[in-house]
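Note that the numbering runs from 1 along the sequence shown for the chain.
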Amino acid sequence: RWISNDRAFAEIDKLKGKVKTQRSHGKATGDASRKELIKANSELRKLQAHNKELVTAFKKQMKLIDVLKRQKLHMEAAKMLSFTEEEFAKTINFKG
């Protein structure tokens, strides 16, 4: 009877040690997981900021392209107008 009690106490101590080891291992694993999560969140924020910058740059480029197209149209219209003015002046001078 004493032997089985001693065995039971030894088994209890053994199991307590395992529980303590598992808890410390779980805590270490939890800390590592937490650190990985923080690192992943940080990387995600960086990528989102970079994405926002790229979208902003793209929008600015599209606006610039639109402005350049308008300038081209205005230059072509001015060229046509000057040509028409020259023709008009020739016509007036020819008749006069």
Side-chain angles (χ1 to χ4, degrees):
R1 188 172 179 162
W2 291 104
I3 294 174
S4 64
N5 283 342
D6 288 338
R7 284 186 195 165
F9 285 125
E11 186 67 26
I12 289 171
D13 288 339
K14 182 179 167 184
L15 291 174
K16 282 182 182 179
K18 283 186 179 181
V19 167
K20 190 174 183 179
T21 304
Q22 287 294 328
R23 283 185 181 164
S24 66
H25 178 68
K27 186 177 180 181
T29 304
D31 289 342
S33 296
R34 200 172 303 118
K35 286 179 183 178
E36 287 178 26
L37 181 62
I38 290 169
K39 185 178 178 182
N41 282 336
S42 174
E43 185 69 23
L44 177 63
R45 275 189 235 108
K46 285 179 187 177
L47 290 173
Q48 286 174 336
H50 185 65
N51 185 33
K52 187 176 180 180
E53 289 174 6
L54 288 174
V55 168
T56 302
F58 178 76
K59 288 179 181 179
K60 286 180 180 179
Q61 286 180 342
M62 294 305 294
K63 286 180 182 179
L64 179 61
I65 289 170
D66 188 46
V67 167
L68 292 172
K69 284 180 181 179
R70 286 185 199 165
Q71 285 180 350
K72 180 183 174 191
L73 287 174
H74 286 295
M75 289 180 69
E76 289 173 354
K79 193 178 202 181
M80 291 299 293
L81 183 61
S82 70
F83 177 73
T84 305
E85 287 176 355
E86 288 174 8
E87 288 294 318
F88 180 71
K90 285 181 185 178
T91 305
I92 290 177
N93 289 336
F94 182 70
K95 288 183 179 180

Excluding Leu15, membership of its hydrophobic cluster (Ile, Leu, Val, Met, Phe, Trp, Tyr; side-chain heavy atoms within less than 4.5 Å) reads none
Through direct or indirect side-chain contacts below 4.5 angstrom among Ile, Leu, Val, Met, Phe, Trp and Tyr, which residues connect to Met62?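 Besides Met62, the cluster holds Phe58, Ile65.
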Could you work out, with side-chain contact (heavy atoms from CB on, under 4.5 Å) as the rule, every residue matching [X], not counting sequence neighbours?
X: Glu86; value: none
X: Leu68; value: Leu64, Gln71
X: Glu76; value: Lys72, Leu73

Quick note, salt bridge (charged side-chain N to carboxylate O under 4.0 Å, His left out) partners involving residues 35-45, not counting sequence neighbours, are none
By salt bridge (Lys or Arg N to Asp or Glu O under 4.0 Å), Asp66 pairs with (sequence neighbours left out) Arg70
Contacts of Arg34 meeting salt bridge (Lys or Arg N to Asp or Glu O under 4.0 Å) (sequence neighbours excluded), chain-then-number -> Asp31
Open item on the list: Using only atom types and a distance under 3.5 Å, with no angle test, would you say the side chain of Thr56 pairs donor to acceptor with the backbone of Lys52?
Closed with: yes
